Amino acid sequence: MKKTIGYLMIVTMLLFAACDPIEERHDAGGVLTESELLNYMNVTVNGNVATCTNTAPEVISFWKNNFGQQSNKSSAEFYIPLQNTYTVTLTAYCAGGPVTVSKEFIIEQNDPEYFSDPFWNLLTNDVDGKSWVWATDIPGGKIWGNGGYLASLKPEWWTLSVVDIPGQGGTATDEIIFDLNGGLNFQVINSVGSGGNTAVPGNGSGMFNMSLGEENHLMNSDGSAVWSYGKIKFTNHTIPLGFEPNSAGKPLHYEYDILKLTNDELHLAFGEPGAGAWGTAWFYMFKRKGYSY
């Protein structure tokens, strides 16, 4: 009986050993110095595409550029629609550990195809920039407030004019400046003067992007007309009074529907979280600085 138990224990141990997974090991190759890696690193630019290649043998590559793109391939293509000087960083993982080097490259012009939608130039005036302010003299005089999501095209329920804006955290002279000068740039100026800046979101700058074209249109509640022509999304900062009034803590809001954009008028809105047709939305009525109705 003791022998039988002993045999069973040995068989069980062998079975468990047989079931252990075989670990695959992919060791990175040779030891590299920074100067050697730079010799293996190549960046070529064709129009708005930068091709980055690492020919170092038996290493794992990781690319990252300051346009926010990255890749873990030995050869990576980065499409960048904006004219500017950029830096790409390559980290090569080898037997001696990670080695990191960088190179600069130049995209010589904005991609005309990417910016072919007229909304880009209407909003920014390209690299020269364009300023937008509250539409204080708009017919009816209401420049901020709420109304129906996918229904209203301006503040219709709780409506405020320019004299009401300071009480909500804005200023009568709030200004947004957009440009395409080496980036998708925007700046907000809404300082309240020598007493300190208590405006929302305060002076600041960041980046923006737009989702345009018919695939980004939103129809109104009865499907009879386009309600929104796309979206504009902000990073690192947001527009004057760009917060959610009915949400706990009134968090800042960063994405808006574009209801109207002409050479002279910019009308934005966003629906509260979970809003369906005729749910609560907030409306922003801006005009080109210097324009009068």
Side-chain angles (χ1 to χ4, degrees), residues 68 117 119-120 122-123 132-135 138-162 164-171 174-176 178 184 186-188 190 198-262 265-287:
D117 192 297
F119 269 25
W120 288 104
L122 288 171
L123 181 70
W132 299 88
V133 296
W134 290 113
I138 194 171
K142 306 304 181 182
I143 60 175
W144 188 70
N146 58 23
Y149 180 62
L150 299 179
S152 302
L153 292 172
K154 60 183 179 180
E156 288 190 317
W157 300 342
W158 185 61
T159 62
L160 288 83
S161 61
V162 65
D164 305 309
I165 292 299
Q168 302 301 318
T171 73
D174 288 345
E175 183 174 352
I176 316 170
F178 294 93
L184 302 170
F186 82 100
Q187 178 184 5
V188 171
N190 61 5
T198 59
V200 179
N203 296 324
S205 60
M207 297 184 68
F208 75 97
N209 208 342
M210 291 193 287
S211 302
L212 303 172
E214 290 188 11
E215 66 273 18
N216 292 295
H217 289 181
L218 288 178
M219 302 302 290
N220 63 8
S221 58
D222 63 10
S224 62
V226 174
W227 185 74
S228 166
Y229 291 90
K231 291 185 181 293
I232 182 168
K233 186 174 183 179
F234 298 94
T235 304
N236 297 329
H237 206 60
T238 190
I239 62 176
L241 297 186
F243 63 95
E244 299 177 12
N246 291 331
S247 295
K250 297 184 178 181
L252 295 180
H253 195 84
Y254 295 94
E255 187 172 69
Y256 300 82
D257 289 294
I258 304 169
L259 307 188
K260 186 176 185 179
L261 177 53
T262 69
E265 295 181 278
L266 172 63
H267 298 172
L268 304 176
F270 74 88
E272 290 188 347
W278 286 101
T280 300
W282 293 87
F283 295 82
Y284 299 74
M285 316 300 279
F286 299 109
K287 69 173 184 178

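Worth saying up front: this structure is predicted, and the values here are computed from it rather than measured. The basis for the numbers below is simple: all heavy atoms, side chains too, and nothing from hydrogens, waters or symmetry mates.
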Q) With sequence neighbours left out, what residues match D257 under side chain to side chain donor-acceptor pair (under 3.5 Å)? A) S228, K231
Q. Can you tell me how far CD1 of I258 sits from CE of M210, rounded to the nearest 0.5 angstrom?
A. 5.5 Å
**Q.** Spacing of M285 atom CE and S161 atom OG [to the nearest 0.5 Å]
**A.** 13.5 Å
Q) Pick one: which of F178, Y256, W134, W132 meets ring pair (Phe, Tyr, Trp, His ring centres under 6.0 Å) with F286? A) W134
Q.
Using modelled atom types and a 3.5 Å cut-off, is there a donor and acceptor pairing between side-chain atoms of N216 and backbone atoms of L212?
A. yes
Q) How many angstroms lie between OH in Y229 and CG in L218, if you round to the nearest 0.5 Å? A) 11.5 Å
Q: Check whether any side-chain heavy atom of Q168 sits under 4.5 Å from a side-chain heavy atom of P245, and report yes or no.
A: no
Q) Looking only at atom types and distance, does a side-chain atom of H267 sit under 3.5 Å from a main-chain N or O of A269, one as donor and one as acceptor? A) no
Q: Taking T171 for its side chain and D174 for its backbone only, find out whether a donor-acceptor pair lies under 3.5 Å.
A: yes
(Q) Tell me the closest heavy-atom pair linking S205 and H237, and the distance in Å. (A) O-CB, 3.6 Å
Q. Hey, mind stepping through E272 and N246 against side chain to side chain donor-acceptor pair (under 3.5 Å) and telling me if it holds?
A. CA-CA 8 Å; E272 290 188 347; N246 291 331; 2.7 Å; yes
Q. Do you know the tightest heavy-atom contact between M219 and G223?
A. CE-O, 3.6 Å
Q: Would you name the heavy atoms of H217 and G213 that are closest together and state the gap between them?
A: CD2-O, 3.3 Å
Q: Test V226 against N220 for side-chain contact (heavy atoms from CB on, under 4.5 Å), laying out the working first.
A: CA-CA 6 Å; V226 174; N220 63 8; over 6 Å; no
Q. Is there a donor-acceptor pair under 3.5 Å between the side chain of Y284 and the backbone N or O of L241?
A. yes
Which pairs of donor and acceptor atoms, one on a side chain in residues 140-151, lie under 3.5 Å apart (sequence neighbours left out)?
| from | atom 1 | to | atom 2 | distance (Å) |
| --- | --- | --- | --- | --- |
| N146 | OD1 | W158 | N | 2.9 |

Q. Could you give the distance from CZ (F208) to CD1 (I232), rounded to the nearest 0.5 Å?
A. 5.5 Å
Q) Do the side chains of T235 and L184 get nearer than 4.5 Å, heavy atoms only? A) no
**Q.** Closest contact, heavy atoms only, P240 versus P201
**A.** CA-CD, 3.8 Å
Q | Distance (rounded to the nearest 0.5 Å) between W278 CH2 and S221 OG | A | 6.0 Å
Q: To the nearest 0.5 Å, tell me how far I239 CD1 sits from Y254 OH.
A: 11.5 Å
Q: Classify the angle between the aromatic ring planes of H253 and F270 as parallel (below 30°), tilted (30 to 60°) or perpendicular (above 60°).
A: parallel
Q | Residue E215 excluded, over 12 heavy atoms near CD under 6.0 Å | A | yes
Q.
Any carboxylate oxygen within less than 4.0 angstrom of a Lys/Arg side-chain nitrogen, looking at E265 and K260?
A. yes
Q. Does some side-chain heavy atom of T159 sit less than 4.5 Å from a side-chain heavy atom of W157?
A. no
